[in-house]
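Here's the structure we're looking at; comments come further down.
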Amino acid sequence: MEVAIITAVDSLLSYAKQRQSDIISLIRRFVECESPSDDAMAVNRFVELVADTVTPFACVKTRAGGQFGRHLECEMSLPGRKKRGQILALGHSDTVWPLGTLRAMPFRESDGRLWGPGVLDMKAGLVFFVFAMRIFRELTVPVQRKVVLQINADEETGSESSRALTEAIARQSAAVLVLEPGTGLEGKAKTARKGVGDFNVTVRGRAAHAGLDFEKGANAVLEMARQVERIAGFTRLDRGITVSPGVIQGGTRSNVVPAVCHVEIDVRAPRAADSRYLERQFASLKPFDKRCTIEVTGGLNRPPMERSSAVRKLFSTARGLAAEIGVDLEESASGGGSDGNFTAALGIPTLDGLGAVGEGAHAAHESILIHRIADRTALLAKLVAAL
Ligand SMILES: [Zn+2]
């Protein structure tokens, strides 16, 4: 019996290798169906393509995403008896690339890589998972748990409309596998992610003619300039907390003392408790010029994914399984957020960065390594079979 299982396990990798050209063809189809977050129609075209691809072996539902495309939920029909608790695979259909990017950045295969908008983040990861499911069906490998793939349409813009869905489905899950790319050209798994958020600060002063009534004006831009220095000082690099004023806007004309100035600030923090520190700091802002007022809104919109004992245990399972196919799987902490932040914050064992291996997410050199396609696909299958 033991021997039979080992043989079956080894066959996952060889099957993935045999199917590599089919995997690449599907990646190409996915990349060539562009899906920018802010274009619901384009995202929905991609969602339909994914739905058509998995329909032969999954029960597919879509849910309205408000101003975004539709969110997709696929319950896989797989061989084997099912025990309690499902496995949730999480991905997203949207990319940061506007429609028409393909003209300047077409899908191509060269230098041992696949290139194109969204190939790494995260269309290849979706394809790997689809093929992992095909392996189970075509080799009749039993899977012990129900497996659900959820693909959100708004991840790149903060998952506002999908968050509640992700959290509801995660609560019914024994483990969450996130199909985001791994870290670096080694494809390290992600076992910690910072929490991410935005603060918005508005200073209101008093408008006046810059020549006739200079002294009657309370200059909101000047006040904000002083506040920005203070806000940037909330950064605590030793604790991994970063505070980055990113967009500033104020004034109307140079001959008017400006009445209003806004700033948007990106914040990142590795621990849930850090959000209290940030809220306290922002609440403590006081105007230098007493005639000005300061209004603060915002906070962390993705809680941090902390390296909990549940996360560590899941990683160690993955590491063991990777070793069986000759891969030394390492772990990493990321400054960026994903939908895994939500599931990990609920205490559900979550492992992220299980998608493609490559580099250049959100950049012109976005690409994945072809020689890592088979082992990443096999690792996903092995994890689903083992959990
Ligand atoms: Zn992503």
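In each ligand, atom 1 is the first atom listed, and ligand 1 is the first ligand listed. None of the values given here were measured: they were computed from a predicted structure.
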Lys/Arg N to Asp/Glu carboxylate O, [X] vs [Y], below 4.0 Å:
{"X": "R113", "Y": "E359", "value": "yes"}
{"X": "E223", "Y": "R291", "value": "no"}
{"X": "R268", "Y": "D266", "value": "yes"}

- [ ] For the Zn ion (ligand 1), count the protein N, O or S atoms found under 2.8 Å away.
- [x] 4
Open item on the list: I want to check a possible cation-pi pair here: R376 against F128, using under 6.0 Å from ring centre and within 45° of the ring axis as the test.
Closed with: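 Because its charged atom misses either the 6.0 Å distance or the 45° angle limit, R376 does not stack over F128.
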TODO: For the residue pair E366 and W97, establish whether any side-chain heavy-atom pair is separated by less than 4.5 Å.
DONE: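 A side-chain contact under 4.5 Å exists here.
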Open item on the list: Please evaluate residues Y277 and F234 with respect to the criterion ring pair (Phe, Tyr, Trp, His ring centres under 6.0 Å), reporting the C-alpha separation (whole Å), side-chain torsions for both, the decisive distance (0.1 Å), and the verdict.
Closed with: CA-CA 9 Å; Y277 160 81; F234 299 159; 7.2 Å; no
